Chemist: 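Next up is a structure, given as structure tokens.
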Protein chains: 2
Amino acid sequence: MSIYQHIFTDIETKIISGDWRPGDRIPVEHELAAEYRCSRMTVSKALSALAERGMIVRRRKTGSFVASPQIDRTVMDIQDISTEAELAGHEHRFEILARKIERLGEAEAQQLSEPADAEILRLQCLHIVDGRPNAIERRIIMLDAVPRAREESFASIPPGKWLLDEVPWSKAKHVIRAVSADTTTARILQTERGEACLSLIRQTWQNGRTVTYVEFTHPGDRFQFAGTFHPTAN
Amino acid sequence: MSIYQHIFTDIETKIISGDWRPGDRIPVEHELAAEYRCSRMTVSKALSALAERGMIVRRRKTGSFVASPQIDRTVMDIQDISTEAELAGHEHRFEILARKIERLGEAEAQQLSEPADAEILRLQCLHIVDGRPNAIERRIIMLDAVPRAREESFASIPPGKWLLDEVPWSKAKHVIRAVSADTTTARILQTERGEACLSLIRQTWQNGRTVTYVEFTHPGDRFQFAGTFHPTAN
DNA sequence: TAGTGGTCTAGACCACGGG
DNA sequence: CCGTGGTCTAGACCACTAT
């Protein structure tokens with residue numbers, strides 16, 4: 001193990017074990033350098049990594065201190081549906097239920113903070129995992145941001161994956177809610193009206209322009225989000 | 001702006017703009033060092049930061065390359081209820097509905113991967129935000145891991161916050177589901193039976209031992225999780 | 001003012017891995 | 001083999017900030 005990793009895990013262990021409590025002062029860099037018989041820069045690298053993880057806070061003049069734990073910070077990785085299904089060894093397919101080009105309209109324009117006359121591609125798509133409906137995907141693609149969507153049928157590639165290839169990088173906002181299935185949703189998902197459903201809304205931007213807005217509605221009895229947060233992991 | 005930050009944002013911009021596409025090769029370190037008239041180590045620091053963000057992949061001998069984007073990775077920060085309410089400017093209070101010391105039992109023992117005869121403190125707690133029920137908290141605290149919970153009444157501090165002070169650091173697993181309110185839940189939350197509710201389950205460990213297991217049940221019409229993922233942010 | 005972290009240099013040696 | 005990234009050194013100067 002490298003020296004800076006050694007220093008990193010040593011301090012991490014002291015914090016996790018409770019040996020060093022929140023607010024406790026960590027030896028200054030030159031002391032740690034002497035202790036581990038290495039240069040100050042190597043110590044600095046280890047402490048910077050700990051600071052980036054939020055385990056310590058560093059202040060000029062006063063030194064570095066053990067941070068207050070924040071176990072309530074949840075980090076979740078949500079893959080796109082097809083990837084997630086494949087990873088879990090499930091069979092995934094999808095159907096395009098609707099595909100039309102239109103204008104955004106007032107209500108949605110306000111919701112997306114985009115002009116109401118913006119041209120969009122509206123998609124509705126059903127995802128089927130192991131033969132059972134797993135999600136309705138209702139998606140808006142901004143055609144001025146992604147003009148090539150106009151010619152794409154999405155017959156062979158899910159819209160989410162296609163956009164990943166098309167748009168190089170982006171910022172996304174997520175909202176997770178619980179909603180009751182309305183009649184149409186229940187019929188498509190082959191469940192009961194009023195059934196609790198998990199809704200994931202994602203709006204994606206590139207360079208400040210909305211690229212796409214999508215809502216996935218999952219039947220509550222067949223879907224959940226799970227994630228693990230390791231403040232200790234590497 | 002420091003030199004390595006300059007290099008970082010330059011490359012980040014090229015990737016976000018699509019100027020450099022996934023799979024493209026990034027100049028080797030000594031080329032970038034010459035271009036920015038700095039040492040190779042400074043370049044290395046910038047590239048390492050980009051690699052840690054998942055924007056590039058680095059391979060010995062072959063060089064560094066633009067990574068494939070993963071915008072479907074969702075990072076969410078979920079604060080604990082009282083903190084979140086305070087941050088949003090809402091009034092928060094809570095009531096202890098039940099508090100008893102007992103043994104874990106078979107079914108839950110299996111679920112938590114803990115022995116069935118383990119002594120636990122079982123808590124049920126109602127969180128009220130701006131005068132309306134916002135969550136039922138059903139919690140199990142392992143008394144062998146947190147013996148001091150035996151004497152704590154939780155009259156003045158919510159169990160979640162108390163545990164944050166008591167347990168220095170930990171690993172946590174989260175599950176988010178949509179469930180229908182049963183009769184009891186609906187009564188406590190002052191909503192209808194069958195109402196869609198958002199359920200957050202969190203199991204917390206320290207040094208491999210379960211510390212606590214908690215389920216928060218939120219009425220779907222009064223609660224959602226929201227988060228933003230910035231692959232570009234600092 | 002003095003102590004601390006933030007950054008940088010101009011080298012160095014090593015580990016890895018494709019040819 | 002040899003080009004690449006991974007790590008490290010022994011300094012250096014600067015920025016910030018508590019006192």
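Quick caveat: nothing in here was measured; it's all calculated off a predicted structure. Residue numbering restarts at 1 for every chain, and letters A, B, ... go by the order of the sequence lines. Hydrogens, waters and symmetry mates are skipped; everything else that's a heavy atom, side chains included, is used.
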Chemist: Between C/dG5 atom P and A/I7 atom CD1, what is the distance in whole Å?
Modeler: 13 Å
Chemist: If only side-chain N and O atoms of A/T42 are considered, is one of them under 4.0 Å from the OP1 or OP2 phosphate oxygen of D/dT9?
Modeler: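 Yes, such a contact exists.
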Chemist: With respect to the phosphate group of C/dG5, does any side-chain polar atom (N or O) of A/S64 fall under 4.0 Å of OP1 or OP2?
Modeler: yes
Chemist: Could you tell me how far apart A/E31 (CD) and C/dG3 (P) are, to the nearest whole angstrom?
Modeler: 13 Å
Chemist: Should the pair B/F225 and B/F223 be assigned to parallel (<30°), tilted (30 to 60°) or perpendicular (>60°) ring geometry?
Modeler: perpendicular
Chemist: In whole Å, what is the span from the OH atom of A/Y36 to the C1' atom of D/dC8?
Modeler: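 After rounding, the reported distance stands at 17 Å.
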Chemist: Are A/D130 and A/H90 linked by a side-chain donor-acceptor pair shorter than 3.5 Å?
Modeler: yes
Chemist: To the nearest angstrom, how far is B/L32 atom CG from D/dT4 atom P?
Modeler: 12 Å
Chemist: Atom CD of residue position B/E31 - does it have more than 12 heavy atoms of other residues, nucleotides or ligands inside 6.0 Å?
Modeler: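 Yes, CD of B/E31 has more than 12 neighbouring heavy atoms, counting only those of other groups under 6.0 Å.
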Chemist: List in chain and number order the residues that pass ring-ring contact (aromatic ring centres under 6.0 Å, His included) with A/F65, two or more places apart in sequence or in another chain; answer none if no residue qualifies.
Modeler: none
Chemist: Quick one: which of D/dA10, C/dC8, D/dG5 gets closest to the side chain of B/Y4?
Modeler: C/dC8
Chemist: Classify the side-chain pair B/Q111/B/Y213 by whether it contains a donor and acceptor separated by less than 3.5 Å.
Modeler: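 The criterion, which ignores hydrogens and geometry beyond distance, is satisfied for B/Y213 and B/Q111.
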Chemist: For A/E29 and D/dA10, what is the distance between atoms CD and P respectively, to the nearest whole Å?
Modeler: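 That distance rounds to 16 Å.
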Chemist: Taking protein heavy atoms under 4.0 Å as touching, what does nucleotides 14-19 of chain D look like 5' to 3' if B marks base contact, S marks sugar-phosphate-only contact and - marks none?
Modeler: -BBBB-
Chemist: Choosing from C/dA10, C/dT7, D/dG6, which nucleotide comes nearest the side chain of A/S44?
Modeler: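 So the nucleotide nearest the side chain must be C/dT7.
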Chemist: Which part of the nucleic acid, if any, lies within reach of A/L47 when heavy atoms closer than 4.0 Å are counted: base, sugar-phosphate only, or nothing?
Modeler: nothing
Chemist: Heavy atoms from C-beta onward define the side chain here; which of C/dT4, D/dT4, D/dC8 lies closest to that of B/V28?
Modeler: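 Among C/dT4, D/dT4, D/dC8, the one nearest the side chain of B/V28 is D/dT4.
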Chemist: Could you tell me whether B/S2 contacts a base, only the sugar-phosphate backbone, or nothing, with contacts defined as non-hydrogen atoms closer than 4.0 Å?
Modeler: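 Answer is sugar-phosphate: B/S2 comes under 4.0 Å of backbone atoms only.
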Chemist: B/I3 has an atom CD1; how far is it from atom C1' of C/dG6, in whole Å?
Modeler: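 After rounding, the reported distance stands at 12 Å.
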Chemist: Looking only at the side chain of B/R25 (C-beta and beyond, no hydrogens), which of the listed nucleotides C/dG5, D/dT9, D/dT4 gets closest?
Modeler: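 Closest of the options to the side chain of B/R25: D/dT4.
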Chemist: Answer whether the closest heavy-atom distance between the side chains of B/I56 and B/I26 falls below 4.5 Å.
Modeler: yes
Chemist: Does the side chain of A/R139 come under 3.5 Å of the side chain of A/T212 through a donor N or O and an acceptor N or O?
Modeler: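 Side chains of A/R139 and A/T212: pair found under 3.5 Å.
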Chemist: Quickly work out the B/H30 NE2 to D/dG5 P distance and round it to whole Å.
Modeler: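 In whole Å, D/dG5 P lies 9 Å from B/H30 NE2.
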Chemist: 5'-most contact on DNA chain C: B/M41 or B/K45, nearest heavy atom basis?
Modeler: B/K45
Chemist: In whole Å, I'd like the distance from the CD1 atom of A/I56 to the C1' atom of C/dT4.
Modeler: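 Spelled out: CD1 on A/I56 to C1' on C/dT4 is 13 Å.
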Chemist: Which listed nucleotide (D/dG5, C/dT7, C/dT9) is nearest to the side chain of B/C38?
Modeler: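 Nearest to the side-chain atoms of B/C38, counting from C-beta on, is C/dT9.
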Chemist: Charged N to carboxylate O below 4.0 Å: is that the case for B/E137 and B/R202?
Modeler: no
